[in-house]
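Have a look at the structure below, then the notes.
Remember, it's a predicted structure, so these values are computed and weren't measured experimentally.
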Amino acid sequence: QVQLVESGGGLVQPGDSLRLSCAASGFTLDYYGIGWFRQAPGKEREGISCISKRDGSTYYAEYYADSVKGRFTISGDNARNTVYLQMKSLKPEDTAVYYCARAFSRCSGYGSDYDYWGQGNQVTVSS
């Protein structure tokens with residue numbers, strides 16, 4: 001059974017860091033990309049990053065949204081079959097529910113390219 005379980009969200013202050021985890025089960029990250037999305041209240045869902053293994057062994061960050069470039073870093077852990085999103089210099093506008101999802105065909109910022117989604121994890125950046 002395919003499952004994605006997110007963890008690591010919470011309430012932080014502007015300028016703080018936070019790391020989100022997306023633990024995958026029921027499939028291996030060798031063959032599927034994992035993307036991160038977020039949705040803030042009243043806004044559309046935004047694709048922020050995706051990671052995949054192009055050659056079956058090395059993780060590649062396929063893209064970062066302009067809104068997070070230079071502040072967020074995506075990475076993968078083979079042993080744990082887990083993808084991480086390290087978030088630094090957090091801003092109030094980063095406040096959203098963050099989701100990870102499995103890319104069934106390609107990494108992209110489009111939700112239609114993903115077939116399984118995590119439950120969502122709230123990140124709140126506020127002083």
Suppose the criterion is salt bridge (Lys or Arg N to Asp or Glu O under 4.0 Å): which pairs have a residue in residues 41-51, not counting sequence neighbours? R38-E46
Please output the side-chain donor-acceptor pairs of residues 83-92 that fall under 3.5 Å, not counting sequence neighbours, one pair per line with the distance.
none

Going by the side chain to side chain donor-acceptor pair (under 3.5 Å) test, which pairs reach into residues 13-28, not counting sequence neighbours? none
Does any N or O in the side chain of R71 come within less than 3.5 Å of the main-chain N or O of S67, such that one atom is a donor and the other an acceptor? yes
For V97 against G120, the heavy-atom pair lying closest together: CG1-CA, 3.8 Å
Could you name each residue pair satisfying side chain to side chain donor-acceptor pair (under 3.5 Å) that touches residues 1-11, not counting sequence neighbours? none
Can you pull the side chain to side chain donor-acceptor pair (under 3.5 Å) pairs that have at least one residue in residues 118-127, sequence neighbours excluded? Q122-T124
When hydrophobic residues are tied together by side-chain contacts of less than 4.5 Å, even through go-betweens, does L29 share a cluster with Y31? yes
Any idea which heavy atoms bring D94 and Y98 closest together, and the distance? O-OH, 2.6 Å
Determine the minimum heavy-atom distance between G9 and L20, stating which atoms define it. N-CD2, 3.6 Å
Among pairs that include at least one residue of residues 52-83, which meet disulfide (SG to SG under 2.5 Å), considering only residues two or more places apart or in two chains? none
With a 4.5 Å limit on heavy-atom distance, are the side chains of Y59 and N78 in contact? yes
Candidate pair D77 and T82, rule side chain to side chain donor-acceptor pair (under 3.5 Å), full reasoning: CA-CA 5 Å; D77 185 329; T82 297; over 6 Å; no
Suppose clustering is done on Ile, Leu, Val, Met, Phe, Trp and Tyr with side-chain heavy atoms closer than 4.5 Å. Which residues sit in the same group as Y110? none
Between V2 and G26, what is the shortest heavy-atom contact and its length? CG2-O, 4.1 Å
According to ring pair (Phe, Tyr, Trp, His ring centres under 6.0 Å), who are the partners of F104, at least two apart in sequence or on a separate chain? none
Salt bridge (Lys or Arg N to Asp or Glu O under 4.0 Å): which pairs involve residues 28-37, sequence neighbours left out? D30-K53
Taking ring pair (Phe, Tyr, Trp, His ring centres under 6.0 Å) as the definition, give me every residue that meets it alongside F37, ordered by chain and number, with sequence neighbours left out. Y114, W117
Could you pull out all residues at least two apart from Y116 that satisfy ring pair (Phe, Tyr, Trp, His ring centres under 6.0 Å)? none
So, taking the atom named OH in Y99 and the one named CD1 in I48, what distance separates them when rounded to the nearest 0.5 Å? 12.5 Å
Determine which pairs satisfy disulfide (SG to SG under 2.5 Å) with at least one residue from residues 95-127, sequence neighbours left out, and list them in order. C22-C100, C50-C107
Might you point out which heavy atoms bring A24 and L4 nearest each other, and give the distance in Å? CB-CD2, 3.8 Å
Using a 4.5 Å cut-off on heavy atoms from C-beta on, say whether the side chain of I51 contacts that of Y60. no
